[in-house]
Amino acid sequence: MNGYWRGPYGYATYAPIRPVSMDRYDDRAAVVLRMIQEGISGERNDELFYDYLISVAPTQQEKNVITSIRDDERKHRRLFRQLYTQLAGQRPGAMEEGETFQRPASYLEGIEQALMGELKAFEKYRTIYRYIPQQYRDIIFEIMTDELKHASYYNWLYAKNK
C-alpha cells in the first residue's frame, strides 16, 4: 500500500520523505570541518593562555588545577587534528595560530576570561556534535564534558580568589 502505513490505530496516510540534497550535506560537512579547524586553533591559544595563568597562579594547588586543564586542551587539539584528518582525508592545513595573547590585567580577570572561554567552546562544540557523523560523537562528547569540567574548575578558582 503505497502512501499508507499500518500504525497502532489502523492505516494512515503519510507524506513521502524527500531526500535532502547532497549540497546541504556538503554545506554541513564544510561547516563541521571549519569549526574543527577553529577548534584546533582555539585549543592552541587556550594552551598558551593557560601557560601564562600557571606562571602567575598564587598557589601550587591552583597551578596544578590549571596545568591539568592545559593538558586537556593539548589532548583536545590532538583529537581535533585526528578528526579533521579522518573526515577530510587530509591533515588540517596550517592555520594562523595566534602565538601571542593579550595578558589580562590581573590573575582574577584571566580566570574570568578562561571561564567564559570554556563555556563558549562548549557551545561551539555542541554544534559540531549535532552535525558530525554518529561514529565520531563520542570524541566530541568527551571534549564537551571536559570543557564543562574546566568551567567548573575556573568557577571555583574565581570564587576562591574573589
Side-chain angles (χ1 to χ4, degrees), residues 23-162:
D23 290 339
R24 186 167 174 195
Y25 288 121
D26 290 343
D27 289 345
R28 284 185 181 176
V31 168
V32 165
L33 288 174
R34 180 183 50 78
M35 292 180 84
I36 289 173
Q37 278 188 313
E38 290 170 2
I40 292 167
S41 179
E43 297 292 335
R44 174 64 177 150
N45 291 336
D46 288 350
E47 178 186 343
L48 294 172
F49 184 65
Y50 300 163
D51 280 339
Y52 170 75
L53 289 179
I54 292 164
S55 75
V56 297
T59 68
Q60 188 58 47
Q61 181 186 35
E62 291 180 46
K63 289 178 189 296
N64 292 344
V65 167
I66 300 169
T67 298
S68 171
I69 294 169
R70 190 239 7 237
D71 292 348
D72 281 349
E73 301 299 341
R74 288 177 177 165
K75 175 186 73 173
H76 299 166
R77 185 168 182 250
R78 180 180 44 80
L79 290 171
F80 275 139
R81 290 180 69 78
Q82 290 172 352
L83 272 175
Y84 186 93
T85 300
Q86 289 176 8
L87 291 168
Q90 62 186 21
R91 297 176 67 169
M95 289 186 65
E96 297 255 346
E97 293 177 353
E99 293 293 323
T100 61
F101 61 91
Q102 189 166 352
R103 287 186 178 184
S106 67
Y107 174 69
L108 190 61
E109 185 181 294
I111 295 299
E112 183 177 8
Q113 185 178 332
L115 169 61
M116 296 310 292
E118 295 293 328
L119 294 173
K120 286 179 184 175
F122 174 82
E123 290 176 9
K124 181 180 282 191
Y125 301 161
R126 186 172 56 191
T127 300
I128 294 172
Y129 182 86
R130 274 183 80 192
Y131 296 115
I132 200 163
Q134 182 74 37
Q135 66 266 32
Y136 302 109
R137 284 190 174 170
D138 286 348
I139 296 167
I140 300 301
F141 184 78
E142 178 181 345
I143 294 170
M144 288 169 54
T145 55
D146 280 349
E147 299 296 340
L148 288 177
K149 176 183 71 174
H150 300 164
S152 294
Y153 278 131
Y154 280 125
N155 194 28
W156 172 74
L157 289 170
Y158 186 81
K160 183 177 183 196
N161 286 278
K162 181 81 174 157

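Because only heavy atoms are used, hydrogens play no part in the values below, and waters and symmetry mates are left out as well, while side chains stay in. The model shown is predicted, which means the values in this text are computed figures rather than measured ones.
- Looking at Leu157 and Ile66, their side chains come closer than 4.5 Å, going by heavy atoms from C-beta outward.
- The nearest pair of heavy atoms linking Ala151 to Leu115 is O-CD1, 3.2 Å.
- Scanning for side-chain contact (heavy atoms from CB on, under 4.5 Å) contacts around Thr85 gives Arg91, Pro92, with sequence neighbours left out.
- Pairs of residues two or more places apart, or lying in two chains, that qualify as ring pair (Phe, Tyr, Trp, His ring centres under 6.0 Å) and include a residue from residues 65-86 are His76-His150, Phe80-Tyr125.
- With rounding to the nearest 0.5 angstrom, the CG atom of Asn45 is 12.0 Å from the CD1 atom of Ile40.
- Take Lys120 and apply the side-chain hydrogen bond (donor to acceptor under 3.5 Å, both in side chains) test, not counting sequence neighbours, and it matches no residue.
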Please tabulate, for the side chains in residues 46-54, all donor-acceptor contacts under 3.5 angstrom to protein atoms that are two or more places apart in sequence or on a different chain.
{"residue": "Glu47", "atom": "OE1", "partner": "Arg44", "partner atom": "NH1", "Å": "3.4"}
{"residue": "Glu47", "atom": "OE2", "partner": "Arg44", "partner atom": "NH1", "Å": "3.2"}
{"residue": "Glu47", "atom": "OE2", "partner": "Arg74", "partner atom": "NE", "Å": "2.7"}
{"residue": "Glu47", "atom": "OE2", "partner": "Arg74", "partner atom": "NH2", "Å": "3.4"}
{"residue": "Tyr50", "atom": "OH", "partner": "Glu118", "partner atom": "OE2", "Å": "2.4"}
{"residue": "Asp51", "atom": "OD1", "partner": "Arg70", "partner atom": "NH1", "Å": "2.7"}

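- For Gln60, the side-chain contact (heavy atoms from CB on, under 4.5 Å) test picks out Lys63, Asn64, with sequence neighbours left out.
- Under the side-chain contact (heavy atoms from CB on, under 4.5 Å) criterion, Thr127 pairs with Met35, Tyr131, sequence neighbours left out.
- Atom CD1 of Ile139 and atom CG of Leu83 lie 4.5 Å apart (nearest 0.5 Å).
- Around the CZ atom of Arg130, the shell of radius 6.0 Å holds no more than 12 heavy atoms that belong to other residues, nucleotides or ligands.
- Taking CZ of Phe122 as the reference point, atom CD1 of Ile143 lies at 12.5 Å (rounded to 0.5 Å).
- Among residues at least two apart or in separate chains, salt bridge (charged side-chain N to carboxylate O under 4.0 Å, His left out) pairs with a member in residues 135-162 are Glu62-Lys160, Asp72-Lys149, Lys75-Glu142, Lys75-Asp146, Asp146-Lys149.
- Checking side-chain atoms of Ser152 against main-chain N and O of Leu148 turns up a donor-acceptor pair under 3.5 Å.
- With rounding to the nearest 0.5 Å, the separation of OH in Tyr158 from CD in Glu109 is 9.5 Å.
- The two residues Tyr154 and Ile111 come nearest to each other via the heavy atoms O-CG2, 3.4 Å.
- Side-chain atoms of Leu87 and Ile132, non-hydrogen and from C-beta on, do get closer than 4.5 Å to each other.
- Note that CD of Glu112 and CG of Asn155 are 10.5 Å apart. Values are rounded to the nearest 0.5 Å.
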